[in-house]
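What follows is a set of notes on a single structure, which appears directly below.
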Amino acid sequence: MSQNQISISLPDGAVRQVPYGTTPFEIAHSISPRLAAASVVARITPVGAASHALTDNEDSPEAAMYSAVSASAPRLVDLSTPLSEDAKLELITEKDPEALKVVRHSAAHVMATAVLELYPETKLGHGPATDSGFFYDFYREKPFTPEDLTAIEAKMAEVIARDEKFERIHEPREQALAEFEKDGDFMKTHFVTKFTEPGSEVSFYKNGHFTDFCRGPHVPSTARVKAVKVTNLAGAYWLGDEKNPQLQRIYGTAFFSKKDLDEHFARLEEAARRDHRLLGKQLDLFSIQELAGPGLIFWHPKGAIIRKIMEDWMRDECLRRGYQLVYTPHVMRAGLWEVSGHTGVYAKNMFTPMELDDSEYRLKPMNCPGHILIYKDSPKSYRDLPARYAEFGNVYRYERSGTMQGLLRVRGFTQDDAHIFCTPGQVESEVAACIDFAEAVLKTFGFNEFKIELSSWDPNDRAHYLGGDDNWNLAIGSLEKVLKEKGIAYKTIPGEAAFYGPKIDIKLVDALGRLWQLSTVQFDFNLPARFELEYVGEDGERHQPVMVHRALFGSVERFFGVLIEHYAGAFPLWLAPVQIGLVPIAERHAAYAEKLEAELKAAGFRVESDVRNEKMNAKIRDFANLKTPYILVFGDKEQEAGAVSVRTRGKGDQGSMPLADFIAKAKNLVATQSTEL
RNA sequence: GCCGACGUAGCUCAGCUGGUAGAGCAACUGAUUCGUAAUCAGUAGGUCACCGGUUCAAUUCCGGUCGUCGGCUCCA
């Protein structure tokens, strides 16, 4: 690198020689003033550096926010950063997705500025951008009220109108720490201590009179935060630990235009419209009863029929794939849960014991011990393996009172659970088969996008896991091997394993892009050892089998909830609780309605006939509101011709056709589990 | 469990600063017999989540309990 000149290469391949200390803004301006105005930040990649792409940071988000990145990696910098080395430069404009995170982070600073102006006694936590906006954590004796939020938003508008420059400044670490300590800024003290090295300079951002410990980058000035909204207020534990004091977390979101902001809220409304709790009530699918208790699901007839179809499909598919069906009790002696290890590491998730005669019983939180007892009931040879036991098992887990959420988080649920007992040599093919099965399930039910995670243990937290290093490393290794051999992209998440072994979790993306954990395939070497499971091998010796736990719907309740939202309640024909609504035009067509109903039912359809003394339009409307796939309307003409007039959901009146033709078409759609109508 | 908000007819919601409640839809009854998203009229329906307190008087104010919602934590 020369002393006075550095060379900056641009995305179009042009290379510019500029004086040392030139800023990205100056370069942008020299290209075009318009570009300079549209730019938000710059990405620089020092030349000569290994050019590895930015990856998901494995550090904590906080660390990612504050710590210095390696000098060779591409990084986002302020437009006002003086460039000091040869580098590739990209100007990030408002159109680039990275820019959104930057403006949201800047919006968090604007919010903190407003909060301190209004409530100077407040202590600052941290304020990162999130996927959908940003938040800032504050500590204050008196909680904020919704009125405070309104005031904060108004004050933010002032801060933005003042058009304060975001300036990066540096200060010796020890001086910064001393100031924070003097002011009682315990959270900032923590962050500086944790994320910076002794003796270093730490970075701050200043806008107007507000200064915050921050790594940046930021938009050039507060006026660039053009569309911002404070959304809600929630508690959050300091450092995520419930033993710590609770902070006030204020959420908001920001965009570069009012239009984008409005679209964001329109999307949220769309999500709210699809909320399974709302649709569950509107479509009369399920309920939760206060008298019975929270987190316990009542499946109403219309929901129960969908569940029946799901279960039938799954049981048939299990049998096709070499599983055997079993049933096990809901309560079992406490001793069983001692052997399994549940009372040791899982007790806090279990319902409290009940006394019966002279022993203690426990409601089951998992199905595995039951299946193990079936396995153990008779001697097994290698010829019996793999033994695949499947059950729709109702399990009960204690969830803390604030955590329940409709069907998605409950205290009693049904797992489509199976346990595969196999030889160590069979594990990998069994796991691979489970993954294939899981993909088949998701595709059948209409989900085409999903993500796979390998949930591994946290070796620093052994108290939460059974078994030692060797077994864990072996198990994790074999799961990885299967994923790699199948060419499946996955992400490893430490600390997410079950207490008895690592697992492959399949998270699926619903229609609104939200991620839900459903299917899980888990490796277990612990329970076979605890229950002293055996099989006699080809060599005549006794061996210990390994177990694969797997649930593909995961929880039938949760899967159903996601399914409702995925289809916004408009289920495909094969799943729809009422597939066909019959609408006789006048009372004199009631007999024809009966005849149609009988024929359609005989053909295997779920049919409802509306013979109320109502106008045809009212009947159509009612069926349409229930998202009935087909509404068959008929009067004199159809009656005479043995036909029906077909009204298809989403398409409207399709005209008249012979009943037999309609039946043939609909039967085919059901048989193929089609999502089309 | 914690922080904040909320809880009025089956559903969606009104009900100003305390004087024991109202609408629309749904339900029921009657009239109407109708060609692709709401026919008209009438009737009935609520210990204002529950318990306690303040008050002459509480749906309204206060406290507690239960539940719901948004987060935190946790999790299928």
Side-chain-base donor-acceptor pair under 3.5 Å for A/E399 and B/rA76 = yes

Please list each protein N or O that sits under 3.5 Å from an N or O in nucleotides 69-72 of chain B, with the distance.
| from | atom 1 | to | atom 2 | distance (Å) |
| --- | --- | --- | --- | --- |
| B/rC69 | OP1 | A/R277 | NH1 | 3.1 |
| B/rG70 | OP1 | A/R277 | NH1 | 3.4 |
| B/rG70 | OP1 | A/R277 | NH2 | 2.7 |
| B/rG70 | OP2 | A/R277 | NH1 | 3.3 |
| B/rG70 | O2' | A/N232 | ND2 | 2.7 |
| B/rG71 | O3' | A/Y251 | OH | 3.2 |
| B/rG71 | O2' | A/Y251 | OH | 3.1 |
| B/rG71 | N2 | A/Q246 | NE2 | 3.3 |
| B/rC72 | O4' | A/G235 | O | 3.1 |
| B/rC72 | O2' | A/Y237 | N | 3.0 |

key: Watson-Crick or G-U wobble mate for B/rA58, both contacts under 3.5 Å   = none

inquiry  = Rounding to an integer number of Å, can you tell me how far A/I506 CD1 sits from B/rC75 C1'?
reply    = 18 Å

task = Just name whichever nucleotide pairs with B/rG67, Watson-Crick or G-U, keeping both distances under 3.5 Å, else none.
result = B/rC6

ask   = Taking the C1' atom of each, how far is B/rG35 from B/rA41, in whole Å?
value = 25 Å

message = As a test of reading the structure: which of B/rG35, B/rA76, B/rA5 is closest to the side chain of A/D636, going by heavy atoms?
response = B/rG35

query = A/W238 vs A/F191 aromatic rings, parallel, tilted or perpendicular, using cut-offs 30° and 60°?
reply = perpendicular

request  = Name the nucleic acid region contacted by A/L518, choosing base, sugar-phosphate or nothing; use a 4.0 angstrom heavy-atom cut-off, strictly under.
outcome  = sugar-phosphate

ask   = What interatomic distance, in whole Å, is found between C1' of B/rA57 and the corresponding atom of B/rA21?
value = 16 Å

query = What's the CZ-P distance between A/F286 and B/rU68, to the nearest Å?
reply = 12 Å

ask   = For the residue pair A/F450 and A/L442, what are the closest heavy atoms and their distance?
value = CD2-CD1, 3.6 Å

message = Under 4.0 Å, heavy atoms only, any strand: does A/V410 hit a base, just the sugar-phosphate, or nothing?
response = base

key: Sugar-phosphate only, base, or nothing, as touched by A/E638 at under 4.0 Å among non-hydrogen atoms   = base

Proximity to the side chain of A/Q517 - top-ranked nucleotide from B/rU68, B/rA76, B/rA37 = B/rA76

Spacing between A/N349 atom CG and B/rC74 atom C1', to the nearest angstrom = 8 Å

Can you name the atoms? Protein N/O to nucleotides 40-49 of chain B N/O, anything below 3.5 Å, with the distance.
none

inquiry  = Nearest to the side chain of A/R400, heavy atoms from C-beta on, is which of B/rA37, B/rG35, B/rU73?
reply    = B/rU73

query = What integer number of Å spans the C1' atoms of B/rC3 and B/rC48?
reply = 28 Å

Gap between atoms CZ and P, on A/R409 and B/rG67 respectively (whole Å) = 16 Å

task = Measure from NZ or CZ of A/R249 to the centre of the six-membered ring of A/F138, then state whether that distance is under 6.0 Å and the direction lies within 45° of the axis.
result = no

query = What integer number of Å spans the C1' atoms of B/rU12 and B/rG46?
reply = 16 Å

ask   = Quantified in whole Å, what is the P atom distance between nucleotide B/rA58 and nucleotide B/rU20?
value = 11 Å

ask   = When the P atoms of B/rA31 and B/rG70 are considered, how many whole Å apart are they?
value = 48 Å

remark   = Exactly one candidate in A/Y500, A/F499, A/Y389, A/F523 meets ring pair (Phe, Tyr, Trp, His ring centres under 6.0 Å) with A/H549; the answer is A/Y500

d(CZ, A/R612; C1', B/rC25) in whole Å = 12 Å

ask   = CZ of A/F135 versus P of B/rC3: gap in Å, rounded?
value = 19 Å

message = Need one value for A/K503: base, sugar-phosphate or nothing, where a base atom within 4.0 Å counts as base even if backbone is also close, heavy atoms only.
response = sugar-phosphate

key: Interatomic distance, A/N367 CG vs B/rA76 P [rounded to whole Å]   = 13 Å

query = Ring of A/F413 versus six-membered ring of B/rA76: centres under 5.5 Å and planes under 30°?
reply = yes

note = Mate of B/rA38 across any strand shown (Watson-Crick or G-U wobble, both atom pairs under 3.5 Å) is none

ask   = Charged N to carboxylate O under 4.0 angstrom, A/D417 versus A/R550?
value = no

message = Need the pair for B/rG46. Rule: Watson-Crick or G-U wobble, both distances under 3.5 Å, any strand; none if unpaired.
response = none

query = Is the number of heavy atoms from other residues, nucleotides or ligands within 6.0 Å of NE2 (A/H330) greater than 12?
reply = yes

query = So, does A/S555 use its side chain to make a donor-acceptor pair with the main chain of A/E557 at under 3.5 Å?
reply = yes

inquiry  = Let's test this: given Watson-Crick or G-U wobble pairing with both distances under 3.5 Å, identify the partner of B/rU33.
reply    = none

inquiry  = Quick check on side-chain contact (heavy atoms from CB on, under 4.5 Å): which of A/L563, A/V441, A/L518 does A/F553 satisfy it with?
reply    = A/V441

key: Closest non-hydrogen atom pair between A/L575 and A/I306, with its separation   = O-CG1, 3.3 Å

ask   = Is the A/Y251 to A/Y136 ring centre distance short of 6.0 Å?
value = no

query = What does B/rG22 pair with, Watson-Crick or G-U, if both distances are under 3.5 Å?
reply = B/rC13

message = Side chain of A/Q248, heavy atoms from C-beta onward: which of B/rC3, B/rC74, B/rA27 has the nearest atom to it?
response = B/rC3

ask   = If you look at every strand shown and take non-hydrogen atoms under 4.0 Å, does A/R588 touch a base, only sugar-phosphate, or nothing?
value = sugar-phosphate

Toward the 5' end of RNA chain B, by each residue's nearest nucleotide, A/D622 or A/H589 = A/D622

inquiry  = Taking any heavy-atom pair under 4.0 Å as a contact, classify A/A624: base, sugar-phosphate, or nothing.
reply    = base

ask   = Tell me: CG of A/L626 to P of B/rA37, nearest whole Å?
value = 16 Å

key: Heavy-atom closest pair, residues A/T328 and A/H371   = CG2-CD2, 3.7 Å

task = In whole angstrom, give me the gap between the P atoms of B/rG45 and B/rA23.
result = 13 Å

message = Please find the pair of heavy atoms, one from A/P365 and one from A/H342, that lie closest to each other, and give the distance.
response = CG-CD2, 4.1 Å

key: Whole-angstrom distance between B/rC62 and B/rG18, as gauged at atom C1'   = 13 Å

query = Just one of A/F445, A/F447, A/F560 clears the ring pair (Phe, Tyr, Trp, His ring centres under 6.0 Å) bar with A/H566, so which one?
reply = A/F447

task = Determine: side-chain N/O of A/R397 to OP1/OP2 of B/rC75, distance under 4.0 Å, yes or no.
result = no

key: Heavy-atom pair with the smallest gap, counting every atom of A/F623 and A/E608   = CZ-O, 3.4 Å

ask   = When we call it a touch if two heavy atoms are under 4.0 Å apart, what does A/K619 touch: a base, just sugar-phosphate, or nothing?
value = nothing

task = Determine yes or no for a side-chain-to-main-chain donor-acceptor pair under 3.5 angstrom, with A/R649 supplying the side chain and A/Y630 the backbone.
result = no

inquiry  = Within the 4.0 Å limit for protein heavy atoms, which parts of nucleotides 10-16 of chain B are touched? Write it as a string from 5' to 3', B for base, S for sugar-phosphate only, - for none.
reply    = -S-----

